[in-house]
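Working notes, structure below.
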Protein chains: 2
Amino acid sequence: MRTRRLHAVPVPAAPAAEPGQETTADEPLWRHLLGARLRRLRTDRGQTLTETAERAGISPQYLSEIERGVKEPSSEMIAAVAGALGVTLLDLTVAVARELSGLRTTAERQLVRNVARVLSLAA
Amino acid sequence: MRTRRLHAVPVPAAPAAEPGQETTADEPLWRHLLGARLRRLRTDRGQTLTETAERAGISPQYLSEIERGVKEPSSEMIAAVAGALGVTLLDLTVAVARELSGLRTTAERQLVRNVARVLSLAA
DNA sequence: GGTGAGCTTCTGCTCTGAGCGGAGCACCGC
DNA sequence: GCGGTGCTCCGCTCAGAGCAGAAGCTCACC
């Protein structure tokens with residue numbers, strides 16, 4: 001797990017967002033989404049950590065860490081693992097975007113339900 | 001610029017790609033595409049490196065490096081800079097996917113033109 | 001021409017964390 | 001019980017993340 005850095009990342013100040021543009025501060029992190037996608041692809045293909053890691057030229061331990069979002073892979077590593085799984089960076093970014101899009105839609109539905117619930121209690 | 005690692009990333013062996021699934025070995029790297037997108041967003045908003053970096057809680061020098069794809073930002077850094085620019089990870093991954101999609105389409109068009117040229121020379 | 005301001009990039013440094021080898025753990029079949 | 005397989009834990013080395021100071025670049029003003 002990533003430990004706290006000496007130079008910790010502070011919460012950014014409220015950005016001068018353009019009108020109509022919303023900021024979301026509670027998205028999952030890139031490495032978690034990416035890792036989950038990579039593991040899904042691998043297991044769907046019935047491959048072991050060892051097989052895929054060998055193809056990518058990395059250790060199975062490290063691939064496990066990447067998939068679990070424990071380690072931050074470099075861009076070259078992402079490309080190597082993608083290559084080993086027979087996918088592209090385009091495939092991965094599309095999949096992550098879809099995942100995030102689904103999460104946002106789910107969150108919005110929950111919000112609407114919660115607001116309706118609060119309004120019915122106030123009535 | 002990233003120097004060569006002690007544990008260099010070897011070219012992965014040919015993956016057991018599923019039929020119909022293509023492998024592309026010449027895509028740009030994630031950090032280059034991401035960085036370009038972040039710079040585009042920042043300059044479109046008329047913000048300086050210093051302003052955005054302050055909002056994100058990082059140094060202007062480092063933001064410059066991220067934008068130029070010289071350094072590999074962690075997932076938290078990506079989130080911090082996105083927040084400072086008033087965008088989300090979803091926005092970024094969608095933009096990167098679109099960029100890659102456009103590159104692939106352009107490459108395919110070039111390939112078709114080149115094949116046609118070779119055929120006309122052979123005739 | 002020179003000067004100053006603002007912005008970005010270069011350089012060199014510290015120390016964090018990427019990447020990995022050995023070991024541990026869980027599960028399965030014999 | 002055993003051995004085999006697949007994955008995770010643990011501790012380590014050193015590559016590179018992140019940054020401060022300096023340098024480079026552009027523009028406006030005198």
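Residue numbering restarts at 1 for every chain, and letters A, B, ... go by the order of the sequence lines.
Rounded to whole angstrom, the span from the CD atom of A/Glu72 across to the C1' atom of D/dA15 amounts to 15 Å. Rounded to whole angstrom, the span from the CZ atom of A/Arg31 across to the P atom of D/dA17 amounts to 14 Å. Here the P atom of nucleotide C/dC20 and the CD atom of A/Glu67 are 14 Å apart, to the nearest Å. In this structure, the NZ atom of A/Lys71 is 10 Å from the P atom of C/dC20, given to the nearest Å. Between the CZ atom of B/Arg45 and the P atom of C/dC7 there is a distance of 18 Å, rounded to whole Å. The distance between atom CG of A/Leu63 and atom P of D/dT8, rounded to the nearest whole Å, is 9 Å. One atom, CD1 of A/Ile58, and another, P of C/dC20, lie 6 Å apart when rounded to the nearest Å. Atom-to-atom, CE of A/Met77 to C1' of D/dA15 comes out at 11 Å; the value is rounded to the nearest Å.
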Just the table, please: protein N/O against nucleotides 5-7 of chain D N/O, every pair under 3.5 Å.
residue, atom, partner, partner atom, Å
D/dC7, OP1, A/Arg42, NH1, 3.0
D/dC7, OP2, A/Leu49, N, 2.6

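When the nearest nucleotides of DNA chain C are assigned to B/Glu51 and B/Glu65 by heavy-atom distance, the more 5′-ward of the two goes with B/Glu51.
Contacts classified as salt bridge (charged side-chain N to carboxylate O under 4.0 Å, His left out) and involving residues 56-67 of chain B (residues at least two apart or in different chains) are given here: B/Arg39-B/Glu67, B/Arg42-B/Glu67, B/Glu65-B/Lys71.
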Can A/Thr52 and A/Gln47 be said to form a side-chain hydrogen bond (donor to acceptor under 3.5 Å, both in side chains), step by step?
CA-CA 7 Å; A/Thr52 306; A/Gln47 296 174 13; 2.7 Å; yes

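At least one side-chain heavy atom of A/Leu33 sits under 4.5 Å from a side-chain heavy atom of B/Leu89. A/Leu103 places a side-chain heavy atom less than 4.5 Å from the side chain of A/Pro28. When side chains are defined from C-beta on, B/Ile78 does not count as touching B/Leu38, because their heavy atoms never get closer than 4.5 Å.
In this structure, the nucleotide among C/dG22, C/dC10, D/dA17 sitting nearest to the side chain of B/Gln61 is C/dC10.
For B/Val115, the side chain to side chain contact (heavy atoms under 4.5 Å, CB included) test picks out B/Leu111, B/Leu119, with sequence neighbours left out.
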